[in-house]
Amino acid sequence: MFIIQDVEDIGMAEKKKINYVRIDMPKQPPYIRRRNFKEVALGYTEEMAVEEASRCLDCKKPFCVEGCPVEIDIPGFIRRIASRDFTGAIKTLKEKNCLPAVCGRVCPQEEQCEIKCILGKKGSPVAIGRLERFAAEWEAAQPHMDLPEIMKSTGKKVLVIGSGPAGITVAGDLILLGHDVTMYEALHVPGGVLTYGIPEFRLPGKVVNQEINYLQQLGIKLRCNYVVGKTKSLDKLLDEYDTAFLGTGAGLPWFMDIPGENLNGVYSANEYLTRVNLMKGFQFPKAYTPVIRHRKVAVVGGGNVAMDCARTALRLGAEEVYIVYRRSQTELPARLEEFENAEEEGVIFHFLTLPEKLIGNENGWLKEMECCKMELGEPDQSGRRRPIRVDHSEFRMEMDACIVAIGNSPNPIIPDTTPGLEISRKGTIVVDETTGKTSIDRVWAGGDIVTGAATVILAMGAGRTAAKAMHKYLTEM
Ligand code: SF4
């Protein structure tokens, strides 16, 4: 079936004289953007979006949709952009995704919908993410925003804990189905990792605010500065609600457990990004939170968070910024686009390198980093080739900051304060994979607190699964 479809659609592409090359999206030049916090990618104009959308074959069996964790009608919204029905395009998107402006920017489409696009077999796939971003930006620029129809009130009360991507999806889906939804957030502003973890130059705060405003217009209530498990326990809150969803993410940073990690100048990626993004350290002294301007910065790790830290350090004025990663470029988990952006901006990559010791000066500040070289062995459990230490390969690098970006565990507060909640050995909440149901009556969970740190769209997909099951429960109880 796949092959027949392939041939038919590629045949159609030949007939339509489809351009196999996608329309480029303009970006700030590297030598300018490396010193400012403005968004790097500038988005499509209307003309660019229409031209790119016109490449879509509107396939009879669109494989791109299979790759989308929230099942967006991808050919449907693209078709509408191609015919300049931008209102219809955003409406189609929002039927399945309440965060199109966010997803259009930070979702790894190249591993999900775009990798499945039929045009990718002969050239570049349709730029689905860029078109999604265009539709969301077009809507944000309009004087009025159309709100979808909300079903008649069911009188059922839903508690959503955590206002990151998973919680937002649950809240957005359940409010449309007529439930009364309140979203609790531990920080003083909503958005979770979107707000504290992703820098302004990749996802501007105003974009997240627009999406949150939209949810509030739908009627979702928001309570910030409320740490469930500290302010009040989940047990007690369940007396006030019919169901609850746990989406508190993975915010507990891992460290390397090497000598010197307590020196001044050593940060977790979470601390560094939270200071700069959430607390607006990059605007100091206009904003109150200071952030030290380091000269030589090493970021340990190879994911998107590591790229974000390195690029942030450059923008704060660092002279030299290094990514130190124990595997090779082939195994780098960051999106290719983020790796290329970092490289263009001047980040220096030390592959097959592992930090072993951090060395301080007499005042307790980091001054050097001792590393060793690695080589790759056989694949490990993750399927990636296992890094092996090369004996006698130690070397030192002068460094005044080290940012550890090697991953996070789930936030432990709710698991630690909720008797009966089943937790895995890794600290994640155990759920039924098909529904997101936890071991506790009336409680569902999803996103990074279940999977460990993953992507925005996977968290949203988990939120959608849980929302369906919660709705079924609420309407059948
Ligand atoms: S985006 Fe690609 S796979 Fe999806 S409908 Fe268009 S051409 Fe087909």
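Every number for a ligand or one of its atoms is a count from 1 in the order of the listing.
Around atom 5 (S) of ligand 1, the closest heavy atom drawn from Cys59, Cys117, Ala53 belongs to Cys59.
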Does Leu119 form a side chain to side chain contact (heavy atoms under 4.5 Å, CB included) with Ser124? I'd like the steps, not just the answer. CA-CA 6 Å; Leu119 289 187; Ser124 51; over 6 Å; no
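Of all the atoms in ligand 1, the ones that sit under 4.0 Å from a non-hydrogen atom of Pro75 are 5 (S).
Judged as a ring pair (Phe, Tyr, Trp, His ring centres under 6.0 Å), the pairs with a partner in residues 431-468 (not counting sequence neighbours) are, in order, Trp444-Tyr473.
Looking at residues two or more places apart in sequence or on another chain, you find a salt bridge (charged side-chain N to carboxylate O under 4.0 Å, His left out) between Lys280 and Glu200.
Not one N, O or S atom of Cys56 sits under 2.8 Å from atom 8 (Fe) of ligand 1.
In summary, Arg202 and Glu338 engage in a salt bridge, as defined by a charged side-chain N under 4.0 Å from a carboxylate O.
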